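Data block below; observations after.
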Amino acid sequence: MTEGRADIALIGLAVMGQNLILNMADHGYTVVAFNRTVSTVDEFLAHAAAGRKNVLGAHSLDAAVELLERPRKVMLMVKAGRPVDDFIELLLPHLEPGDVIIDGGNSHFPDTIRRTRSLEQQGLLYVGTGVSGGEEGARRGPSLMPGGSPEAWPLVKDIFQSIAAKTPDGEPCCDWVGEDGAGHYVKMTHNGIEYGDMQLICEAYQLLREGLGLSVDELQQVFAAWNEGELDSYLIEITAHILGHRDEDGEPLVDKILDAAGQKGTGKWTGISSLDLGVPVTLIAEAVYARSLSAMKDERVAAAQVLTGPDARFDGDRDAFLEDVRQALYAAKIVSYTQGYMLMREAAREHGWHLNYGAIALMWRGGCIIRSAFLGKIEEAFDRTPDLQNLLLDRYFEDVVTRCQPSWRRVVTQAVQLGIPVPALSTALAFYDGYRSARLPANLLQAQRDYFGAHTYERVDRPRGELFHTNWTGTGGKVASSSYNA
Ligand code: 2AM
């Protein structure tokens, strides 16, 4: 290979990085591989990439960059945080204006905003891309969510869209997301939604297990059947597989797994961002808290000895309840995605991103963990109404929640009576009821705030923006009901 002939360099040869290289090579691109621990480069070439003429190893950054055609494209698949900044620093002396650095790690979006600005000031282009689908996705087709310098998109588009997963219609699950940190923000939101989807499935599982008393085998059949209908998704599919998996002694493995969940932080970031932006993304937040509560295993075991609740089994129509749970799950899922989209819309406003919401659904349609038939419905909704303000107001979703609503209410009611926690299913319903309320009790809240802190309030019979204060106690000086404009 002569100088300047490779299409892209990829730094970071953990499994994700290696698989992306092999995926790119499968699609005819010539890729340079480099890693901090250089011996990994040789191992990769000798084994996983053995015999591939279009995978080149480099033993230094200098050598890696030398092999690239211009403008150069260098993709980082290293640990998020400091290592990304360190590699950018190391790369800078070897690059020139117009070259592109791509970060495919799970970086927090504020870091991507900062890096894009800093590199653009130096004449370089930067892409922060979400990569979802795990190791298998990286190898066979991930969902890719690139954002950053818009001028970089035409330079990486072919490679990205070739290696990305494809929808059932053959469209690539990769499109330009938006400016600076938009790609990593959308990936973060994807992960938050993933937390929510998983929690909803777990609540359905527990209701059926504890409430209905279904066996693991029966549950396996229920989830397999659900996967044939509108809930058709990767997460429901793997749940059915998990429930069918036996331990070495022939017992269901799921029963032997400790009920204390871990997390890596992207769900938490979504929750924090929602609080920062003032968007009620309640379902994802509950999903994060549900993991936190699960992790308090020892405390729960001790509390279970002391605290009591109903000890009831569901004694109604089992088949009807099963169908109720399925419908509740679908309705709550719609609320979760509605909240996720509300969050992205507000983040776009805050950061000046021009997000294409239909394209985001398309990117999530295949390759990633939340892939589902349902995302096709979201894409259709944005096709129908590109500036759709809220998913719940799309005619398809409105119809579904109307249809599922009686079941959803029965399930939440039953869960409360049985004492089975369903934080995600119930917060979704509370959100739905709040969102469709023309009047909420915040009038009283505003009165309380004005009472103790003179925070003022607006009136229903006066224009918005006109503020009033009442001297509620009649003491404390001469504060008449004054009004002024904010
Ligand atoms: P390594 O093989 O030399 O450890 C995933 O961990 C990838 O990120 C690996 O390629 C790893 O390189 C790289 N990585 C982890 N921490 C790093 C650091 N502090 N600096 C550079 N690369 C790092």
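This one's a predicted model, so the numbers in the text were calculated from it and none came from an experiment. Counting starts at 1 for both ligands and their atoms, in listed order.
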Near [X], which atoms of ligand 1 are under 4.0 Å from a heavy atom of that residue?
| X | answer |
| --- | --- |
| A14 | 5 (C), 10 (O) |
| G12 | 10 (O) |
| K79 | 8 (O), 15 (C) |

Closest non-hydrogen contact found for Q339 with L283 is OE1-N, 3.0 Å
T167 and R365: which non-hydrogen atoms are nearest, and at how many Å?
CG2-CG, 3.8 Å
For [atom], grab the closest protein heavy atom and report residue, atom and distance to one decimal in Å.
| atom | answer |
| --- | --- |
| atom 2 (O) of ligand 1 | N35 ND2, 2.8 Å |
| atom 14 (N) of ligand 1 | R36 NH2, 4.1 Å |
| atom 3 (O) of ligand 1 | T37 OG1, 2.4 Å |

Flag side-chain contact, heavy atom, 4.5 Å: Y432 against V401:
yes
Are a donor atom and an acceptor atom from the side chains of Y337 and D197 found within less than 3.5 Å of each other?
yes
How about N390 and Y435: does a side-chain donor come under 3.5 Å of a side-chain acceptor?
yes
For atom 20 (N) of ligand 1, is the nearest protein heavy atom under 4.0 Å away?
yes
Go through it in stages, so that I can follow the logic: the residues are F374 and Y396, the test is ring-ring contact (aromatic ring centres under 6.0 Å, His included), and I'd like the CA-CA distance, side-chain angles, deciding distance and then a yes or no.
CA-CA 11 Å; F374 171 72; Y396 171 79; 7.9 Å; no
If you measure from each non-hydrogen atom of V78 to ligand 1, which part falls under 4.0 Å: side chain, backbone, both or neither?
both
Going by the 4.0 angstrom heavy-atom rule, the piece of L13 near ligand 1 is backbone
May I ask you to check whether Y341 and F382 place their ring centers less than 6.0 Å from one another?
yes
